[in-house]
Amino acid sequence: MNTSFKVIISLFCVTLFITSCSRKKDTFINRNFHALGTKYNILYNGNIALEKGRETVDNAATDNYWELLPVERMQLSEEIILPGQSKNQDFERAEEKAIKAVQKHGMNIKGKEYNPQIDEAYLLLGQARYFDQRFVPSLEAFNYILYKYPASDKINTAKVWREKANIRMENNELAIKNLKRLLEQEQLEDQDLADATSMLAQAYINVKSKDSALVELGIAAEFTKKNKEKARFNYIIGQLYNEFGKKDSANIAFDKVIDMHRKIPRPYYINAHLAKSYNFDMDGGNKIEFLEYLTTLEEDRENRPFLDKIYYRIAEFHRANQSDSLAVAYYNKSLRTNLGDKELMSRDYATLGDMSFDDAQYKMAGAYYDSTMTNMKLNSKPYRVIKRKRENLEDVIYYEDIAQAHDSILKLVNMSDDDRLAYFTTYTQEQKAIADAEKEKAEAEERRKSVNSGSVTTNTKSGKSQRADPTANNAQKQEFYFYNSTAVAFGKNEFVKVWGDRELKDNWRLSDSKSRPGATTDANDLATNASEDERFDPEFYISKIPTDQKVIDSLAKDRNYAYYQLGVIYKEKFKEYELAMGKLETLLQNNPEERLILPSKYNLQKIYTELGLSDKANAMKADIVSNYPDSRYAKILLNPRSEFAKDENSPESLYEGLFGKFGNQEYTEVISKADQYITEFEGDPMVPKFEILKASANGRLNGFEAYKKGVNFIALTYPNSEEGKQAQEIMKTVIPILAKKEFVSNDTAKHFNVLYPFNINEKDQIEDFVKELNEAISKINYFDLSTSIDVYDTNTLFVVVHGLTSAQGASGFAEILEESKHKIDRNFHSISSPNYEIVQRHKNLNEYLESQ
């Protein structure tokens with residue numbers, strides 16, 4: 001009996017279990033069986049995976065506290081994910097659990113879902129897709145909840161998440177409309193209210209309605225139960241108040257963050273302190289107390305990970321307090337302690353660059369700006385601003401290098417033999433002392449290695465583990481090349497010996513990657529490339545001093561031109577009149593070329609006037625007027641209001657006239673006059689313009705090779721002018737295209753011309769011919785024809801008929817004109833427009849005719 005009862009009970013339980021597994025029967029047991037299995041098994045594990053993934057996303061996100069923080073801490077990735085792929089395995093697992101819950105435990109009977117946990121499964125599905133940055137599929141999941149489960153207790157949560165997805169897809173206006181309606185129609189619970197208002201605030205920020213965002217963020221900060229969110233919302237409120245210029249309200253918001261202290265992540269706490277410190281009143285505040293406050297932040301051991309930002313803030317304080325030396329020291333401290341904040345590094349370098357620029361240390365400023373750009377987003381607006389500053393310094397750095405290097409060499413040239421020997425004896429003794437110190441350091445390093453190696457051997461023989469001896473372990477680590485400073489120094493020297501001074505860039509091995517011409521080798525360069533005996537021999541260096549008078553004269557000429565350029569640059573571009581005056585006065589004392597004397601004196605006269613040095617200005621004016629009475633500078637000084645700088649003899653006016661002749665195809669005269677003006681105005685900023693006009697005229701008259709030669713000359717001779725940079729770009733991008741001289745097939749061309757060649761001496765006949773030709777084509781209506789007179793070379797002109805559509809049509813048209821009453825009977829060539837361009841560019845008409 002007992003056995004039968006047990007069998008019956010067992011069969012009943014099995015039957016009950018089987019029937020409860022059915023998803024097609026709406027019974028109490030079925031509903032609760034599937035609901036419990038969904039909630040406490042699948043969704044439980046799915047939510048654990050979701051939270052783990054959210055934590056990963058939160059840790060991976062890097063907040064940029066220099067800008068307005070986003071409401072939600074999630075860093076978007078530009079990586080493209082294919083369908084079926086996932087960026088995060090935790091979110092993939094959460095999504096799988098949500099799908100499993102729907103597939104295995106969904107009780108969709110006649111269109112109605114009887115498992116009360118399925119709406120949460122769809123919510124989990126949408127959230128997993130959202131954090132995996134697949135916003136369109138996540139939006140579908142949230143919309144499905146709203147469509148299928150309108151009575152769900154998660155309906156408001158789903159609405160908020162739907163709008164979060166809309167905001168991520170930049171549907172901000174739609175999100176604002178839906179969230180406002182939700183807040184008006186529903187009584188949301190605390191966290192749902194915080195989520196809804198915070199997302200509404202983000203949408204307002206995105207559409208630039210930041211005043212509206214303030215109200216919503218205040219509500220979100222009040223009702224959220226999460227300390228991280230409360231701190232973040234209050235910090236953003238402070239940032240918004242700062243943007244509105246309301247520092248007191250901003251400080252209240254930052255104080256709320258600071259008061260939470262250990263309840264929140266340290267970055268919020270420190271950045272709130274720093275953000276509040278930027279609102280300090282430098283004019284009316286107590287600077288001593290404020291500096292003590294910053295010093296307290298600096299000395300707090302818990303703030304070590306944030307010392308770079310704290311040092312930067314202290315540097316900003318000292319700079320505002322006119323303590324530039326302290327400011328520079330703290331900017332450098334900030335750079336040394338930086339842990340990878342590129343925005344902070346760019347600010348440090350940019351500020352140091354600006355300070356060097358203000359102190360007229362332009363070469364140093366250029367180096368700082370270079371470092372700034374390496375830490376900025378390429379082609380962003382701040383990057384372009386710094387790049388423009390750096391480009392403005394290009395010329396001054398280039399000419400300063402030439403002036404300093406050539407001055408040093410010429411100083412040595414002018415020394416007596418005894419002075420040279422004394423100078424280089426001192427230099428070689430210093431080099432010897434440095435070498436001895438390095439050698440001693442290397443020997444000490446070798447001895448230390450030997451001792452450590454002995455310790456390792458002893459330990460091994462005694463049966464001890466080598467890992468037990470930290471000294472031995474360190475010895476092994478020191479074997480790495482870059483841990484040995486002596487080896488590194490040796491490697492650097494060997495690199496310079498083999499490759500020279502190379503700029504850090506792509507394709508640095510190519511020969512044109514060497515340093516710019518004009519930078520003369522100094523004693524340190526010679527020492528690097530010298531043998532061991534030569535390095536410490538004064539006579540070796542003395543032997544390198546130039547003795548050829550032509551070389552010395554060339555150095556002096558280049559140095560003087562550099563001084564002139566620096567004087568003009570400092571005066572015109574940077575308004576540094578003191579520096580400009582020093583350069584130009586030094587130039588006049590160095591026996592410059594005649595062409596540099598008059599413009600230097602004129603610029604000095606203007607500088608003296610700007611600096612209020614009336615006596616010097618009047619003396620210089622008298623000098624120019626008496627010694628150069630026919631010059632345009634004298635005319636300008638005698639009658640400034642007449643604006644002689646723009647008279648008919650000014651470079652600008654002459655250039656305009658010459659450009660007009662270029663447009664009229666008077667290429668021979670353009671070339672001749674350009675040569676004349678280039679010689680006459682040598683040293684004037686207009687000279688590169690004449691050069692490029694000359695190169696263009698030469699190309700039109702003599703062909704591609706002449707143009708290429710002219711452009712290359714400009715690129716090498718005037719590398720720092722706008723025209724020189726334009727020429728460099730032409731050499732890189734345009735010349736390779738223009739070099740192509742292969743003729744194209746007539747089958748691919750759509751436009752054709754008829755050429756009538758004339759000798760340059762037949763100009764009188766050309767006018768009558770063109771008149772007759774225009775009269776003939778005016779009667780032809782089925783083509784849109786026109787004529788032109790084009791220069792081919794120094795001996796040939798073309799009368800060209802444009803507007804024909806085929807090679808046969810062009811030939812036939814010319815033959816018809818021969819037989820017409822106008823009797824246009826002259827040798828002609830039909831040619832397509834692309835081939836005509838090639839013929840004009842390469843002057844290869846005969847090659848074209850032979851190919852036909």
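A quick note: this is a predicted structure, and the numbers were derived from the prediction, not measured. Quick note: residue numbers are just sequence positions, from 1.
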**Student:** Give, for atom CG of Asn332 and atom CG of Leu352, the distance between the pair rounded to the nearest 0.5 Å.
**Tutor:**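 Here the rounded value is 5.5 Å.
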**Student:** Honestly, is Lys377 close enough over Tyr383, meaning NZ or CZ under 6.0 Å from the six-membered ring centre and within 45° of the axis?
**Tutor:**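 No, Lys377 does not sit over the ring of Tyr383.
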**Student:** List in chain and number order the residues that pass side-chain contact (heavy atoms from CB on, under 4.5 Å) with Ser851, two or more places apart in sequence or in another chain; answer none if no residue qualifies.
**Tutor:** Phe743, Tyr848
**Student:** Within a radius of less than 6.0 Å around NZ of Lys571, do more than 12 heavy atoms belonging to other residues, nucleotides or ligands occur?
**Tutor:** yes
**Student:** Would you say Asn560's side chain and Ala556's backbone share a donor-acceptor pair under 3.5 angstrom?
**Tutor:** yes
**Student:** So does Val791 get a backbone contact from the side chain of Gln665, meaning a donor-acceptor N/O pair under 3.5 Å?
**Tutor:** yes
**Student:** A side-chain contact here means heavy atoms from C-beta on lying under 4.5 Å apart; do Ile397 and Arg390 qualify?
**Tutor:**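 When only atoms from C-beta onward are counted, Arg390 and Ile397 do touch, with a gap below 4.5 Å.
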**Student:** Quick one: pull up CE in Met731 and CD1 in Ile714 and give me the separation to the nearest 0.5 Å.
**Tutor:** 10.5 Å
**Student:** Is a donor on one side and an acceptor on the other found under 3.5 Å between the side chain of Tyr369 and the backbone of Leu393?
**Tutor:**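 Judged by distance alone, no pair lies under 3.5 Å.
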**Student:** Would you tabulate the side-chain donor-acceptor contacts of residues 577-591 under 3.5 Å, counting partners in other chains and residues two or more places apart, or write 'none'?
**Tutor:**
| unit_1 | atom_1 | unit_2 | atom_2 | d |
| --- | --- | --- | --- | --- |
| Glu585 | OE2 | Tyr608 | OH | 2.5 |
| Thr586 | OG1 | Gly582 | O | 2.7 |
| Asn590 | ND2 | Thr586 | O | 3.2 |

**Student:** Can you check whether Gln404's main-chain N or O pairs, donor with acceptor, with Ser408's side chain at less than 3.5 Å?
**Tutor:**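 Yes.
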**Student:** Any side-chain to backbone donor/acceptor pair from Asp623 onto Ala619? Under 3.5 Å, distance only.
**Tutor:**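 No, the answer is negative, given that no donor and acceptor are paired below the 3.5 Å cut-off.
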**Student:** With sequence neighbours left out, what residues match Ser346 under side-chain contact (heavy atoms from CB on, under 4.5 Å)?
**Tutor:** Glu343, Thr372, Asn375, Met376
**Student:** Ring centroids only, cut at 6.0 angstrom: are Tyr427 and Tyr541 within range, meaning strictly under it?
**Tutor:** yes
**Student:** Decide if atom NZ of Lys601 counts as having more than 12 heavy atoms of other residues, nucleotides or ligands within a radius under 6.0 Å.
**Tutor:**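 Yes, the 6.0 Å shell around NZ holds more than 12 heavy atoms from other groups.
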**Student:** With a 4.5 Å heavy-atom cut-off, do Tyr628 and Ile597 have their side chains touching?
**Tutor:** yes
**Student:** Donor-acceptor pairs are to be reported for all side-chain atoms of residues 830-839 against protein atoms at under 3.5 Å, with residues two or more places apart or in another chain.
**Tutor:**
| unit_1 | atom_1 | unit_2 | atom_2 | d |
| --- | --- | --- | --- | --- |
| Ser830 | OG | Ser811 | OG | 3.1 |
| Ser832 | OG | Asn835 | N | 3.4 |
| Ser832 | OG | Asn835 | ND2 | 3.2 |
| Ser833 | OG | His751 | O | 3.3 |
| Asn835 | OD1 | Val744 | N | 2.9 |
| Asn835 | ND2 | Val744 | O | 3.1 |
| Tyr836 | OH | Asp790 | OD2 | 2.7 |
| Tyr836 | OH | Gln840 | NE2 | 3.0 |

**Student:** Run the side-chain contact (heavy atoms from CB on, under 4.5 Å) check on Val754 and His829 step by step: do they pass?
**Tutor:** CA-CA 6 Å; Val754 177; His829 311 297; over 6 Å; no
**Student:** Can you confirm whether Leu797 sits close enough to Tyr792 that some side-chain heavy atom of one is under 4.5 Å from a side-chain heavy atom of the other?
**Tutor:** no
**Student:** With a 4.5 Å cut-off on side-chain heavy atoms, are Thr794 and Ile760 touching?
**Tutor:**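 With C-beta onward as the side chain, the pair stays apart.
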**Student:** Has Arg420 got a side-chain atom pairing as donor or acceptor with Leu412's backbone, closer than 3.5 angstrom?
**Tutor:**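 Yes: the side chain of Arg420 pairs with the backbone of Leu412.
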**Student:** Measure the spacing between CZ of Phe659 and CG of Asn664 and express it to the nearest 0.5 Å.
**Tutor:**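 Nearest 0.5 Å value for the CZ-CG distance: 11.0 Å.
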**Student:** Hey, does the side chain of His802 reach the backbone of Asn753 with a donor-acceptor pair shorter than 3.5 angstrom?
**Tutor:** no
**Student:** Quick check against the 3.5 Å criterion: does Glu762 have a side-chain atom that pairs as donor or acceptor with the backbone of Asn759?
**Tutor:** yes
**Student:** Is the count of non-hydrogen atoms from other residues, nucleotides or ligands lying under 6.0 Å from Lys843 atom NZ greater than 12?
**Tutor:**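 Yes - once you tally the heavy atoms of other residues, nucleotides and ligands closer than 6.0 Å, there are more than 12.
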**Student:** Checking ring pair (Phe, Tyr, Trp, His ring centres under 6.0 Å) for the pair Phe798/Phe758: CA distance, chi angles, key distance, verdict?
**Tutor:** CA-CA 6 Å; Phe798 287 146; Phe758 282 83; 9.6 Å; no
**Student:** How many angstroms lie between atom CG of Leu658 and atom OH of Tyr677, to the nearest 0.5 angstrom?
**Tutor:**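 The CG atom of Leu658 sits 6.5 Å away from the OH atom of Tyr677.
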**Student:** Say whether Asp793 and Thr796, considering side chains only, have a donor N or O and an acceptor N or O under 3.5 Å apart.
**Tutor:**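 On atom types as modelled, these side chains qualify, holding a pair under 3.5 Å.
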**Student:** Between Val770 and Ile789, is any pair of side-chain heavy atoms under 4.5 Å apart?
**Tutor:**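 Answer yes - side chains close enough.
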**Student:** Using side-chain heavy atoms (C-beta onward) and a distance below 4.5 Å, is Asp354 in contact with Arg319?
**Tutor:**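 They are in contact (side-chain heavy atoms under 4.5 Å apart), so the answer is yes.
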**Student:** Any non-hydrogen side-chain atom of Phe424 less than 4.5 Å from a side-chain atom of Ile545?
**Tutor:**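 In contact.
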**Student:** Step by step, work out the side-chain contact (heavy atoms from CB on, under 4.5 Å) result for Tyr368 and Thr351.
**Tutor:** CA-CA 9 Å; Tyr368 280 129; Thr351 308; over 6 Å; no
**Student:** Counting the benzene-type ring for Trp, do Tyr564 and Tyr399 have ring centres under 6.0 Å apart?
**Tutor:** no
**Student:** Are any side-chain N or O atoms of Ser554 and backbone N or O atoms of Lys550, one a donor and one an acceptor, separated by less than 3.5 Å?
**Tutor:** no
**Student:** Once you measure the plane-to-plane angle for Phe704 and His842, does it fall in the parallel (<30°), tilted (30-60°) or perpendicular (>60°) bin?
**Tutor:** tilted
**Student:** With a 6.0 Å cut-off (strictly less than), is the heavy-atom count around CD of Glu767, excluding the residue itself, greater than 12?
**Tutor:** no
**Student:** Aromatic ring centroids of Phe769 and Tyr756 under 6.0 Å?
**Tutor:**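 Yes, the ring of Phe769 comes within the 6.0 Å limit of the ring of Tyr756, centre to centre.
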**Student:** Measure the spacing between NZ of Lys616 and CG of Asn618 and express it to the nearest 0.5 Å.
**Tutor:** 13.0 Å
**Student:** What residues form a side chain to side chain donor-acceptor pair (under 3.5 Å) with Glu850, not counting sequence neighbours?
**Tutor:** none
**Student:** Between Leu378 and Met373, is there a side-chain heavy-atom distance shorter than 4.5 Å?
**Tutor:**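 No - every pair of side-chain heavy atoms lies 4.5 Å or more apart.
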**Student:** Just to verify, what does Asn379 make a side chain to side chain donor-acceptor pair (under 3.5 Å) with, not counting sequence neighbours?
**Tutor:** none
**Student:** Does a donor on one side chain and an acceptor on the other come within less than 3.5 Å for Tyr563 and Asp407?
**Tutor:** yes
**Student:** How long is the straight-line distance from CD of Glu400 back to NZ of Lys363, given to the nearest 0.5 Å?
**Tutor:**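 Atom-to-atom, Lys363:NZ and Glu400:CD are 8.5 Å apart.
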**Student:** Run the side-chain contact (heavy atoms from CB on, under 4.5 Å) test on Tyr570 and Lys575 for me, step by step, so that the C-alpha distance in whole Å, both residues' side-chain angles and the decisive distance to 0.1 Å come before the verdict.
**Tutor:** CA-CA 6 Å; Tyr570 287 141; Lys575 309 301 180 186; over 6 Å; no
